[in-house]
Amino acid sequence: MKNLISLLIILCCFLFIASCLNDKGEIAQPNNGCDTTYYTLQIKPIIDNNCAISGCHITGGAGTGNFTTYSGIKPYLQSGSVNIRINLPANDPLYMPQGSTLDPVDLTKLNDWIASGFQGCD
C-alpha cells in the first residue's frame, strides 16, 4: 500500500511538471512572447495611473513618448531610461513619476517585469 501511495505521488508530481512544459519541452514563462494578460492586467494600469496621464507621456504631453500603448513605451524600456528613472531617489529631478512616488508594490512589479524582458503587446 505504501508503494502504491508513493507511486501515485510520483506520478502526480510528474504530471504537474509536464503540464508546465511548452511544445519545445521548456518550462513555460509568464512573459514568454506577446503576453497581453500580464501586461494588460498588471503593468498597463501602473503606467496609465503614473505615466500616461494628462500632461505627461501622452500625445501632446510634456513627457517624451506616448506611453498609452506598449509600442510607445517599448523604446524607452529598451534604452533602459524607464528603469533608471523609476529607481532614482524621489527627490532627484529626473525621478519619474514627477510630483509623486510609485507605490512600492507597483515599483517591484515594474522592476520584475523589466528584468524579465518587459513583454507586452498593444
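Positions are given from 1 along the sequence.
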Legend entry - Polar side-chain atom of His57 near backbone of Thr64 as donor-acceptor pair, under 3.5 Å: yes

Inset, instruction - Please check if Ile114 and Met96 belong to a single hydrophobic cluster, counting links between Ile, Leu, Val, Met, Phe, Trp and Tyr side chain heavy atoms closer than 4.5 Å. - result: no

Inset, instruction - Quick one: pull up CG in Asn50 and CD in Gln98 and give me the separation to the nearest 0.5 Å. - result: 12.5 Å

Legend entry - Inter-residue atom distance Ile86.CD1 - Leu94.CG, 0.5 Å rounding: 14.0 Å

Inset, instruction - Could you tell me whether the side chain of Leu102 reaches within less than 4.5 Å of the side chain of Tyr95, counting heavy atoms only? - result: yes

Inset, instruction - Measure the spacing between CD1 of Ile73 and NZ of Lys44 and express it to the nearest 0.5 Å. - result: 9.0 Å

Legend entry - Nearest-0.5 Å distance that lies between atom CD1 in Ile58 and atom CG in Asn66: 7.5 Å

Inset, instruction - Apply the test side-chain contact (heavy atoms from CB on, under 4.5 Å) to residues Lys109 and Ile46: give CA-CA distance (whole Å), side-chain angles for both, the deciding distance (0.1 Å), then the verdict. - result: CA-CA 9 Å; Lys109 284 182 187 179; Ile46 298 169; 4.0 Å; yes

Inset, instruction - Nearest 0.5 Å please: distance from the CG atom of Asn83 over to the CG atom of Leu110. - result: 9.5 Å

Legend entry - Over all atoms of both residues, closest heavy-atom pair of Cys56 and Cys51: CB-O, 3.3 Å

Legend entry - Where Ser71 and Pro75 come nearest, the two heavy atoms and their spacing: O-CD, 3.3 Å

Inset, instruction - Spell out, yes or no, whether Leu107 and Ile53 are grouped together once hydrophobic residues are joined by side-chain heavy atoms under 4.5 Å, including indirect joins. - result: no

Legend entry - Atom pair NZ/CZ of Lys74 and Phe118 - distance to nearest 0.5 Å: 7.0 Å

Inset, instruction - Mind running ring-ring contact (aromatic ring centres under 6.0 Å, His included) on Tyr76 and Phe67 for me, showing each step along the way? - result: CA-CA 9 Å; Tyr76 300 92; Phe67 291 6; 5.4 Å; yes

Legend entry - Side-chain (Trp113) to main-chain (Tyr39) donor-acceptor, under 3.5 angstrom: no

Legend entry - Any side-chain donor near an acceptor of the partner, Asn87 and Asn111, under 3.5 Å: yes

